[in-house]
There are 2 protein chains.
Amino acid sequence: MPQRSVAERPALTRERVVATAMSLADGGGLDSLTMRRLAEELGVEAMSLYYHFPNKNAILDGLLERTFAEIEDESGGFSTEASGDTWQQALRDRILGARRVLLRHPWVPAVMESRSTLVPTMARYIDANVGLMRSGGLSHDLIHHAMHALGSRQYGFSQELTLDGDGSSSPGDQDLARMAEMVPHLAAMLQEVVHDDPESTLGWCDDQTEFEFGLDILLDGLARRHAAEEH
Amino acid sequence: MPQRSVAERPALTRERVVATAMSLADGGGLDSLTMRRLAEELGVEAMSLYYHFPNKNAILDGLLERTFAEIEDESGGFSTEASGDTWQQALRDRILGARRVLLRHPWVPAVMESRSTLVPTMARYIDANVGLMRSGGLSHDLIHHAMHALGSRQYGFSQELTLDGDGSSSPGDQDLARMAEMVPHLAAMLQEVVHDDPESTLGWCDDQTEFEFGLDILLDGLARRHAAEEH
DNA sequence: ACCTGAACACCGTTCAAGT
DNA sequence: ACCTGAACACCGTTCAAGT
């Protein structure tokens, strides 16, 4: 890593810091995003970052801001009109768009959980979803319930817990045999799932099919309750 | 904190360590659970813990083990027969039981996320839920989808992101006025929700009503797809 | 077998100082 | 105005040593 002179080194701006933090997290996960490593990547001392940001959390907020800007881009703007579509279809498309962005930045859910602040672009995302449901005629009360029911799915991910320790391959026959003693029902289910689709990993993988299955149940249920609202 | 002699100090066992870790986390949150503080609480040096556990993660696994033992107790055992009830009702009751336990240990979801290992009592919990659905006649394929769709709700919590920075009180009129400019649809919804129920905190509170609303949409949807399975 | 003391390689951050 | 160097108060953990 060649030491560049101060003259040819680009100025340290908030944008450069956040962009570099993003590529650091994308490349090596959240753990690799430390103040010292981030500074090194920028060719600067760690303490210089504190001139531009009050603390590390402010940098994390910058990352969320940038993520939701990407989501807005992916959605072609945050429209509140379901032009041509039903509100369900429009909301579904937007959520799957958010999901595509999060799959590029898999560390984002962890940051969202650690930060309770609502960054502006994230607020605009939520606002757009409220507007979309409103345009479909849902009551504010039902929309409020909907936001809770969707939970993190609204942002394109769901909190699923992985079953296997190493996250590697499908279970072999002897793994299933050992499991059958302690967890017979689970083992029987996995035996069949693995047989039908050898590509599926053991259990709780948050893959596209499963994500859409859960999302569609929720959207269906909300539409059904909306219909009931209108008698 | 009086220094007790070795003689009168109870032996350092895995059980005592995990129990003390639990009360430490219950009292001061996960951040307060450090190896040094845990050792201090036990009247011992931090390094002594490494004689009984290979590392801190092993202690966290012990906490999960203990948590799911509490859940089993709360459920009166992990039956796989929905005696007298439908499978939906039995599953609903069990999940709400898990939730009651997690509300006593609010740091547990964070530990579950950080650990990808499946501790034995947790495996038995999942197994019991598979068995319960199986006793209701659901196919393994539908059960597999159900586990994904329920996600963390199965364990009694849902990943919801808080809206307000400080998690304190309801928004005042001037807060809503400022919000109205940037997020008009969201502000309008909250205005109405706050008006109807001044007790509700701003937005994403993971409270009982909202948890059950989302859970019931999912259970309804699963039952509906089960009915379709049977033509 | 069970526990300890000193040390290592990290963190985020404060503070006074440099240019 | 912008950046640095040294230091502080923490982490989890290793390693050799005590009893």
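Order of the sequence lines fixes the chain letters, A, B, ..., with proteins taken first and strands second; residue numbering starts at 1 for each chain. The structure presented is a predicted model; accordingly, all values stated were derived computationally and were not measured.
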Once you round it to whole Å, what is the distance between P of C:dT13 and CG of A:Leu38?
-> 12 Å

Can you tell if the side chain of B:Arg99 reaches within under 4.5 Å of the side chain of B:Arg153, non-hydrogen atoms only?
-> no

When all nucleic acid strands are considered with a 4.0 Å heavy-atom cut-off, which category describes A:Thr34: base, sugar-phosphate, or nothing?
-> sugar-phosphate

Heavy-atom nearest nucleotide on DNA chain D taken for A:Tyr51 and for A:Glu45; more 5' hit belongs to A:Tyr51

Tell me: CZ of A:Arg37 to P of C:dG12, nearest whole Å?
-> 11 Å

Going by the angle between their ring planes, with limits at 30° and 60°, are B:Tyr155 and B:Tyr125 parallel, tilted or perpendicular?
-> tilted

Rounded to the nearest angstrom, tell me the gap between atom NZ in B:Lys56 and atom C1' in D:dC10.
-> 12 Å

Between A:Asp127 and B:Leu186, is there a donor-acceptor pair closer than 3.5 Å when you use the side chain of the first and the backbone of the second?
-> yes

Quickly work out the A:His52 NE2 to C:dT13 P distance and round it to whole Å.
-> 16 Å

For B:Met47, answer base if it contacts any base atom (sugar-phosphate contacts may also be present), sugar-phosphate if it contacts only those atoms, and nothing otherwise; contact means non-hydrogen atoms under 4.0 Å.
-> base

Which nucleotide in the list C:dT13, C:dT4, D:dT13 gets nearest to the side chain of B:Val44?
-> C:dT4

Measure the shortest side-chain to side-chain distance between B:Leu60 and B:Leu33 over non-hydrogen atoms and say whether it is less than 4.5 angstrom.
-> yes

What's the CG-P distance between A:Asp31 and C:dG12, to the nearest Å?
-> 10 Å

If only atom types and distance count, is the side chain of B:Arg92 paired as donor or acceptor with the main-chain N or O of B:Leu215 below 3.5 Å?
-> no

May I ask you to check whether B:His140 and B:His144 place their ring centres under 6.0 Å from each other?
-> no

Runs of at least three Watson-Crick or G-U pairs with DNA chain D, cut-off 3.5 Å = C:4-8 with D:12-16, C:12-16 with D:4-8

So, is A:Ser48 near the phosphate of D:dT4, with a side-chain N or O under 4.0 Å from OP1 or OP2?
-> yes

Between D:dC11 atom P and A:Met35 atom CE, what is the distance in whole Å?
-> 20 Å

List the steps, then state whether side chain to side chain donor-acceptor pair (under 3.5 Å) holds for A:Glu41 with A:Thr20.
-> CA-CA 7 Å; A:Glu41 207 76 12; A:Thr20 305; over 6 Å; no

Atom CG of B:Leu30 and atom P of D:dG12 are separated, to the nearest Å, by 11 Å

Check the distance between D:dG12's P and B:Arg36's CZ and give it to me in whole angstrom.
-> 7 Å

